[in-house]
Enquirer: 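Okay, here's the structure, questions in a sec.
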Amino acid sequence: MPAVIRHDWSREEVLALMALPFPELMHRAAETHREHFDPREVQVSTLLSIKTGGCPEDCAYCPQSARFNTGLKAHKLLTVEEVVAKAQQAKDAGATRFCMGAAWRSPKDKDVAQVAEMVSAVKALGLEACATLGMLDGKQADTLKAAGLDYYNHNLDTAPDFYGEIIHTREYQDRLDTLAHVRQAGLKTCCGGIVGMGESREQRAGLLQTLANLPEHPGSVPINRLVQVQGTPLHGTALLDPFEFVRTVATARLLMPQSMVRLSAGRAEMSEELQALCFLAGANSIFYGEKLLTTGNPDVEADQALFVRLGLVPMPVEEVSRTVHADVIEHAHPSSCAA
Ligand code: SAM
Ligand code: DTB
Ligand code: SF4
């Protein structure tokens with residue numbers, strides 16, 4: 001059955017889903033997941049920080065902001081050769097997508113030209129390529145598309161009404177504008193946010209509502225759980241109830257049935273049982289490899305063992321493309337909030 005894709009969710013409808021009795025929410029999310037995907041398959045992406053630290057922005061969660069003393073050692077842009085070597089390692093370990101992240105507010109055109117070379121080299125290895133470089137203008141998005149980039153990651157991070165508590169150096173609208181440039185260039189969007197930053201459930205619902213009401217659902221929706229880094233303003237934030245995290249994943253699955261929902265940052269601090277619940281709730285993508293950008297991620301061996309114990313398998317690249325390109329029915333005025 002083709003998916004019913006909505007872009008007109010109200011916050012009340014999203015909250016009603018999030019507040020369902022846990023077994024009901026999990027049942028609906030798992031059902032939606034298997035309507036569109038093979039629930040055994042999990043897409044695996046590896047991250048590399050190609051330019052580390054020294055960022056002028058003040059994102060309160062981020063160890064890479066130059067404004068906070070986190071002890072992080074800054075590093076200038078890596079060379080194409082260094083990036084290709086890491087991409088080859090990621091491919092050999094079983095990753096199908098390679099995501100390059102840079103601690104920029106927005107890249108200069110000469111930076112984009114260098115990243116474009118990296119993208120072409122990563123593509124030549126047969127990997128999907130993703131980049132996250134900060135705000136892009138239309139021309140920069142076109143350059144990356146021409147180099148063969150598949151995805152651009154740019155997160156909304158949180159609800160519009162909580163955003164001002166977290167970031168002061170760029171507006172929510174700037175993020176929406178970059179996402180529009182990315183879509184207009186024909187790139188697939190990877191867009192999600194962070195939970196556990198002290199936001200309310202209403203605000204988590206607001207993030208998911210905003211994501212689902214974008215003109216197109218993001219191809220990938222990373223749900224990050226805050227990694228608390230000493231020296232950042234959010235270090236010491238009260239920990240989010242793990243079930244609330246699972247509810248967020250399940251609701252993302254219900255609102256964006258055909259998107260890859262990525263269990264992103266924060267896995268190193270999660271039990272395997274919590275991760276398994278997230279897979280049951282419809283998460284079907286992870287970051288794979290010992291490091292995220294600057295913080296830790298589970299060991300490759302631990303992830304491989306978890307996949308075996310849970311009967312999960314890595315999603316092949318062709319299937320990732322097929323699901324993301326699948327035709328959808330645009331449905332503007334549904335009669336019920338049940339996805
Ligand atoms: N500088 C670019 C930007 O901000 O768009 C790209 C890199 S930035 C590190 C990419 C994303 O990583 C952020 O939007 C945020 O969602 C996530 N992130 C950064 N620090 C994090 C943390 N401590 N915990 C969870 N997610 C984090
Ligand atoms: C995303 O949503 N999460 C990734 C990726 N996109 C670039 C980044 C997580 C970063 C976690 C903190 C760090 O390792 O620096
Ligand atoms: Fe800079 Fe990105 Fe970190 Fe914000 S999230 S401080 S823009 S690297």
Side-chain angles (χ1 to χ4, degrees), residues 45-68 70-75 77 97-107 111 115 129-136 140 151-158 163 166-172 174-179 181-182 189-199 207 211 218-237 239-240 245 252 260-270 283 285-298:
S45 299
T46 291
L47 268 173
L48 176 68
S49 180
I50 58 170
K51 186 267 171 188
T52 305
C55 183
E57 300 285 276
D58 75 346
C59 314
Y61 48 77
C62 186
Q64 302 204 67
S65 168
R67 298 165 190 249
F68 316 137
T70 60
L72 181 74
K73 196 166 175 293
H75 197 292
L77 187 61
R97 189 181 303 170
F98 191 67
C99 180
M100 293 161 273
W104 285 317
R105 168 184 164 79
S106 50
D111 299 324
V115 175
C130 175
T132 180
L133 316 171
M135 292 184 285
L136 289 188
Q140 293 174 326
Y151 284 85
Y152 193 77
N153 167 247
H154 198 66
N155 290 337
L156 292 178
D157 276 347
T158 192
Y163 185 85
I166 304 295
I167 298 153
H168 311 95
T169 47
R170 73 174 105 155
E171 303 294 320
Y172 210 76
D174 294 327
R175 291 179 185 263
L176 296 169
D177 291 347
T178 290
L179 290 167
H181 296 145
V182 168
T189 53
C190 170
C191 183
I194 311 177
V195 299
M197 298 195 291
E199 74 287 341
L207 166 66
L211 290 168
S220 289
V221 181
I223 306 292
N224 296 278
R225 191 171 80 168
L226 175 68
V227 179
Q228 299 205 10
V229 179
Q230 199 144 20
T232 59
L234 292 187
H235 184 248
T237 304
L239 292 182
L240 182 70
F245 183 78
M260 312 293 299
V261 174
R262 182 173 302 134
L263 177 54
S264 276
R267 279 201 309 121
E269 293 79 36
M270 289 178 199
S285 172
I286 57 167
F287 284 123
Y288 173 72
E290 272 79 19
K291 214 164 171 202
L292 292 165
L293 291 174
T294 67
T295 65
N297 200 40

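Remember, it's 1-based here, ligands and their atoms both numbered in the order they're listed. Treat the numbers as computed from the prediction; the structure is a model and nothing was measured.
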Enquirer: Specify the closest pair of heavy atoms between Thr158 and Met197, including all atoms of both residues, with the distance to one decimal.
Expert: CB-CE, 3.8 Å
Enquirer: May I ask you to check whether Asp157 and Tyr61 show a side-chain donor-acceptor distance below 3.5 Å?
Expert: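 Their side chains do contain a donor-acceptor pair, which is all the 3.5 Å distance test asks for.
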Enquirer: Determine if the distance from atom 14 (O) of ligand 1 to the closest protein heavy atom is below 4.0 Å.
Expert: yes
Enquirer: If we set the cut-off at 4.0 Å for heavy atoms, which region of Thr232 has an atom near ligand 1: side chain, backbone, both, or neither?
Expert: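 It is neither; nothing of Thr232 touches ligand 1.
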Enquirer: Any N/O/S atom of Cys62 sitting less than 2.8 Å from atom 3 (Fe) of ligand 3, backbone or side chain?
Expert: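 Checking Cys62: at least one N, O or S atom is under 2.8 Å.
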Enquirer: When you check the side-chain N and O atoms of Ser106 and Arg170, is any donor under 3.5 Å from an acceptor?
Expert: no
Enquirer: Give the numbers and elements of all ligand 2 atoms closer than 4.0 Å to a heavy atom of Leu292.
Expert: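 So the answer, numbered in order with elements, is 14 (O).
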Enquirer: State whether Asp111 and Lys51 are salt-bridged, where the test is any N-O pair (Lys NZ or Arg NE/NH1/NH2 against Asp/Glu carboxylate O) under 4.0 Å.
Expert: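 Salt bridge between Asp111 and Lys51, a charged N being under 4.0 Å from a carboxylate O: no.
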Enquirer: Just to confirm my output: which protein heavy-atom neighbour is closest to atom 27 (C) of ligand 1, and how far is it?
Expert: Ile194 CD1, 3.7 Å
Enquirer: To the nearest 0.1 Å, how far is atom 12 (C) of ligand 2 from its closest protein heavy atom, and which atom is that?
Expert: Thr295 OG1, 3.6 Å
Enquirer: If you measure every N/O of Val227 against every N/O of ligand 1, is any gap under 3.5 Å?
Expert: yes
Enquirer: Does ligand 1 have any atom sitting under 4.0 Å from a heavy atom of Arg170?
Expert: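 Arg170 counts as a contact of ligand 1 under the 4.0 Å cut-off.
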Enquirer: Should one rank Pro63, Gly193, Ala265 by closest heavy-atom distance to atom 9 (C) of ligand 2, which comes out on top?
Expert: Ala265
Enquirer: Any idea which atoms of ligand 1 are less than 4.0 Å away from a heavy-atom of His154?
Expert: 5 (O)
Enquirer: So, regarding Trp104 and ligand 1 (criterion: nitrogen or oxygen to nitrogen or oxygen, under 3.5 Å), is there a contact or not?
Expert: yes
Enquirer: Looking only at atom types and distance, does a side-chain atom of Asn153 sit under 3.5 Å from a main-chain N or O of Thr132, one as donor and one as acceptor?
Expert: no
Enquirer: Please compare Leu293, Thr294, Thr70, Asn224 and report which has the shortest non-hydrogen distance to atom 3 (N) of ligand 2.
Expert: Asn224
Enquirer: To check your reading of the model: name the closest protein heavy atom to atom 4 (Fe) of ligand 3, its residue, and the distance in Å.
Expert: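 Answer, as residue, atom name and distance: Cys59 SG, 2.3 Å.
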Enquirer: Closer than 4.0 Å to some heavy atom of Ala103 - which atoms of ligand 3 meet that?
Expert: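 The list of qualifying atoms is 8 (S).
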Enquirer: Do ligand 1 and Asn155 have nitrogen or oxygen atoms that lie under 3.5 Å from each other?
Expert: yes
Enquirer: Is there a heavy atom of Ala102 sitting under 4.0 angstrom from any atom of ligand 1?
Expert: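 Heavy atoms of Ala102 do come under 4.0 Å of ligand 1.
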Enquirer: Looking at ligand 1, would Gly134 count as a contact under a 4.0 Å heavy-atom criterion?
Expert: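 Heavy atoms of Gly134 do come under 4.0 Å of ligand 1.
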Enquirer: Can a non-hydrogen atom of Asn155 be found less than 4.0 Å from any atom of ligand 2?
Expert: yes
Enquirer: Quick check: closest heavy atoms across Trp104 and Cys55, and the distance to 0.1 Å?
Expert: C-SG, 4.1 Å
Enquirer: Keeping His181 on the side-chain end and Leu136 on the backbone end, is there a donor-acceptor pair under 3.5 Å?
Expert: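 Yes.
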Enquirer: Around atom 1 (Fe) of ligand 3, find the nearest protein heavy atom and jot down its residue, atom name and distance.
Expert: Cys55 SG, 2.3 Å
Enquirer: Judged by atom type as modelled, is there a donor-acceptor pair below 3.5 Å linking the side chain of Thr237 to the main-chain atoms of Gly198?
Expert: no
Enquirer: So which protein heavy atom does atom 21 (C) of ligand 1 come closest to, and at what separation?
Expert: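 Result for atom 21 (C) of ligand 1: Tyr61 CD1, 3.7 Å.
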Enquirer: Keeping the roles fixed (side chain from Asn224, backbone from Ser264), state whether a donor-acceptor pair exists under 3.5 Å.
Expert: no
Enquirer: What do we get for Asp157 next to ligand 1 when only non-hydrogen atoms under 4.0 Å count, side chain, backbone, both or neither?
Expert: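 Side chain only.
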Enquirer: Please round to the nearest 0.5 Å and tell me the distance separating atom CG of Leu292 and atom CG of Asn297.
Expert: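 Answer rounded to 0.5 Å: 4.0 Å.
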Enquirer: For ligand 2, which atoms have a heavy atom of Pro222 less than 4.0 angstrom away?
Expert: 2 (O)
Enquirer: Judged by atom type as modelled, is there a donor-acceptor pair below 3.5 Å linking the side chain of Gln64 to the main-chain atoms of Thr52?
Expert: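 No; judged by distance alone, with no hydrogens or angles, the pair does not exist.
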Enquirer: Within a distance of under 4.0 Å, is there any protein heavy atom near atom 23 (N) of ligand 1?
Expert: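 When distances to the protein are checked, atom 23 (N) of ligand 1 has a heavy atom within 4.0 Å.
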Enquirer: Could you grab the distance from atom CZ of Arg97 to atom CE of Met260, nearest 0.5 Å is fine?
Expert: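 One gets 6.5 Å once the value is rounded to the nearest 0.5 Å.
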Enquirer: Which ligand 1 atoms, with their elements, are less than 4.0 angstrom from a heavy-atom of Thr132?
Expert: 6 (C), 7 (C)
Enquirer: If you look at every heavy atom in Pro56 and Arg105, which pair is closest and at what distance?
Expert: CG-CB, 4.0 Å
Enquirer: Should one rank Gln64, Met135, Arg170, His154 by closest heavy-atom distance to atom 7 (S) of ligand 3, which comes out on top?
Expert: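 It is Arg170 that holds the nearest heavy atom.
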Enquirer: So which bit of Asn153 gets within less than 4.0 Å of ligand 2, heavy atoms only: side chain, backbone, both or neither?
Expert: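 Only the side chain of Asn153 comes within reach of ligand 2.
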Enquirer: Would you name the heavy atoms of Arg267 and Pro298 that are closest together and state the gap between them?
Expert: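 In this case the closest contact between Arg267 and Pro298 is NH1-CG, 3.7 Å.
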Enquirer: Show me which atoms of ligand 2 lie under 4.0 Å from any heavy atom of Thr132.
Expert: 7 (C)
Enquirer: Which one of Ile194, Thr294, Thr232, Thr295 satisfies the side-chain contact (heavy atoms from CB on, under 4.5 Å) criterion with Val227?
Expert: Thr295
Enquirer: Report yes if the side chains of Leu226 and Leu240 come closer than 4.5 Å at any heavy-atom pair, otherwise no.
Expert: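 No - every pair of side-chain heavy atoms lies 4.5 Å or more apart.
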Enquirer: For residues Arg175 and Tyr163, report the shortest heavy-atom separation together with the two atoms involved.
Expert: NE-OH, 2.9 Å
Enquirer: Quick one: which ligand 1 atoms are inside 4.0 Å of a heavy atom on Leu293?
Expert: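 In order of numbering, the contacting atoms are 9 (C).
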Enquirer: Is there a heavy atom of Phe287 sitting under 4.0 angstrom from any atom of ligand 2?
Expert: yes
